[in-house]
Number of protein chains: 2
Amino acid sequence: MQQKKEIINKLRSSNLRPTKQRILIAKKLFDRKETFHFTAETLNKAVNKKGHARISLGTIYNTVEAFKRAGHIREILTNNSKSYYDTNIKSHHHFYDPSSKKLTDIDYHEVVLKKIPNPPKGKKIKDLELVISLQKK
Amino acid sequence: MQQKKEIINKLRSSNLRPTKQRILIAKKLFDRKETFHFTAETLNKAVNKKGHARISLGTIYNTVEAFKRAGHIREILTNNSKSYYDTNIKSHHHFYDPSSKKLTDIDYHEVVLKKIPNPPKGKKIKDLELVISLQKK
DNA sequence: TACTAGTTTAGAATAATTATAAACTAGCAA
DNA sequence: TTGCTAGTTTATAATTATTCTAAACTAGTA
Ligand SMILES: [Mn+2]
Ligand SMILES: [Mn+2]
Ligand SMILES: [Zn+2]
Ligand SMILES: [Zn+2]
């Protein structure tokens, strides 16, 4: 759970002015216990609930991109037409349920890779993501 | 390397009429030594080179979808805005180089998973894809 | 050869995202 | 405190990838 102060610091530390909109979006994203997996659309819905000042969709996109560049969120692999983002920025894996289009975290240590191939010449591994797609049993 | 006959059989066996367009696309896709990773756009370019009868982009999309449904190609995980497809339909993994946006196959046996988590209740694993993103060393 | 269901096509429609440019505001300085 | 300005937000237009539509075409069969 992140206080407003912390959120403002987080924004300042990444050279993002703590505007009303960014603070509200950051609260929605980071002021929660569990990891949040979202798209621009779901974030927009979450943020533009009754009782809040309305935030334009443009700002949703701008802010998601800014938070991503700043490393506060990461984009997840899917083969959906929409981009999916994750408030869990640690390297980790996912279950993907195509029927609900929902992602679930798998902790990095829940997966043990006994053997992986060497990266091609001149390249090193930046990240390693496993997606386990599910189906009805 | 697939002969025209084989290609026609492949189409027939999946209830796809072997039209001029489908045969040409299938040749481009399957009549080659290595795995082919492509998007609708790259396939369209490959197929609509000089010397060939022109195939509409609509047909490219229709055919890719039909081949995918028939199991002749599979869609790959990326976080690109375009859909990526693969002529390698065996379960396998990929290196992804964000700078070139190119995928490279990793044979299934090049990766050994020593431990994976149990799928949630009522679900089983349909597929398991690992993507290793690369960066300059 | 003629029929018909399936296919192709150009073009329109849709969906997600990005660009534009005018109005607004956070942070700083006079 | 006020004014300035660079950064930000917003509505709206533009772009990009993909899907839809419906008319023209054709593979397979009778
Ligand atoms: Mn994708
Ligand atoms: Mn994606
Ligand atoms: Zn996650
Ligand atoms: Zn592959």
Side-chain angles (χ1 to χ4, degrees), chain A residues 4-5 7-29 37-48 52-70 72-73 75-85 101, chain B residues 4-5 7-29 37-48 52-70 72-73 75-85 101:
Chain A
K4 188 164 179 177
K5 273 274 174 57
I7 282 173
I8 289 179
N9 288 343
K10 179 179 254 190
L11 291 172
R12 284 241 164 75
S13 73
S14 28
N15 276 309
L16 296 170
R17 281 193 190 168
T19 62
K20 193 156 62 1
Q21 292 85 345
R22 283 174 178 162
I23 291 167
L24 203 161
I25 293 172
K27 265 196 196 130
K28 275 284 171 203
L29 293 181
H37 297 118
F38 64 97
T39 65
E41 191 194 12
T42 60
L43 177 59
N44 187 45
K45 274 184 190 141
V47 140
N48 284 309
H52 283 144
R54 186 191 152 62
I55 297 179
S56 79
L57 187 57
T59 298
I60 300 285
Y61 276 104
N62 288 343
T63 304
V64 165
E65 179 59 26
F67 285 7
K68 180 177 140 186
R69 269 198 313 261
H72 301 314
I73 60 177
E75 196 173 348
I76 315 175
L77 283 177
T78 74
N79 41 31
N80 240 283
S81 53
K82 308 180 190 188
S83 293
Y84 278 70
Y85 300 91
K101 293 184 179 175
Chain B
K4 188 164 179 177
K5 273 274 176 55
I7 282 173
I8 289 178
N9 288 343
K10 177 178 254 190
L11 292 171
R12 283 241 165 76
S13 72
S14 29
N15 275 308
L16 297 170
R17 281 193 191 168
T19 62
K20 193 156 66 348
Q21 292 84 346
R22 284 175 178 162
I23 293 168
L24 203 161
I25 293 172
K27 265 197 199 131
K28 275 285 171 202
L29 294 181
H37 297 117
F38 64 97
T39 65
E41 192 195 10
T42 59
L43 177 58
N44 187 45
K45 273 184 192 141
V47 141
N48 284 309
H52 284 142
R54 187 191 151 60
I55 296 180
S56 79
L57 187 56
T59 298
I60 300 287
Y61 275 103
N62 289 343
T63 303
V64 165
E65 179 58 26
F67 285 8
K68 180 178 140 187
R69 270 199 312 260
H72 301 313
I73 59 176
E75 195 173 347
I76 316 175
L77 284 177
T78 74
N79 39 32
N80 241 283
S81 53
K82 306 180 190 188
S83 294
Y84 278 70
Y85 301 89
K101 294 186 177 171

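All figures in this text were calculated on a predicted structure; none of them were measured in a lab. Letters A, B, ... mirror the listed sequences (proteins, then strands); counts begin at 1.
- Among the nucleotides D:dA17, D:dT18, D:dT10, the one closest to any side-chain atom of B:Ala40 is D:dT18.
- Applying the side chain to side chain contact (heavy atoms under 4.5 Å, CB included) test to A:Ile23 and every residue at least two apart in sequence or in another chain returns A:Lys4, A:Ile7, A:Ile8, A:Leu11, A:Pro18, A:Lys27.
- Across the protein-nucleic acid pair, B:Glu75 atom CD and D:dT18 atom C1' stand 12 Å apart, rounded to whole Å.
- With sequence neighbours excluded, the residues forming a ring-ring contact (aromatic ring centres under 6.0 Å, His included) with A:Phe38 are A:Phe36, A:Tyr85, listed by chain and number.
- In this entry the distance linking CG of B:Leu11 with C1' of D:dG28 reads 15 Å, nearest Å.
- Every side chain to side chain contact (heavy atoms under 4.5 Å, CB included) that B:Thr19 has, sequence neighbours left out, goes to B:Arg17, B:Gln21, B:Arg22.
- For the pair A:Asn79 CG and D:dA17 C1', the computed distance is 15 Å after rounding to whole Å.
- Mapping heavy-atom proximity under 4.0 Å, the span of DNA chain C touched by chain B runs 5' to 3' from C:dA5 to C:dA10.
- For D:dT18, one of the phosphate oxygens OP1 or OP2 lies less than 4.0 angstrom from a side-chain nitrogen or oxygen of B:Tyr61.
- Between the NZ atom of B:Lys82 and the C1' atom of D:dT19 there is a distance of 17 Å, given to the nearest Å.
- When the side-chain hydrogen bond (donor to acceptor under 3.5 Å, both in side chains) test is applied to A:Thr59, the partners found at least two apart in sequence or on another chain are A:Ser56.
- One interatomic measurement links the two molecules: CG of B:Asn80 to P of D:dA17, which rounds to 10 Å at whole-angstrom precision.
- In this view, B:Lys101 satisfies the side-chain hydrogen bond (donor to acceptor under 3.5 Å, both in side chains) rule with no residue, not counting sequence neighbours.
- Within residues 17-25 of chain B, the residues approached by DNA chain D to less than 4.0 Å at the level of any non-hydrogen atom are B:Arg17, B:Pro18, in residue-number order.
- Partners of A:Asn62 under the side-chain hydrogen bond (donor to acceptor under 3.5 Å, both in side chains) rule, at least two apart in sequence or in another chain, do not exist in this structure.
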Begin with the C-alpha distance, continue with both residues' side-chain angles, and end with the deciding distance and a verdict on side chain to side chain contact (heavy atoms under 4.5 Å, CB included) for B:Asn48 and B:Ile55. CA-CA 7 Å; B:Asn48 284 309; B:Ile55 296 180; 4.0 Å; yes

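- For A:His72, the side-chain hydrogen bond (donor to acceptor under 3.5 Å, both in side chains) partners two or more places apart in sequence, or in a different chain, are A:Ser14.
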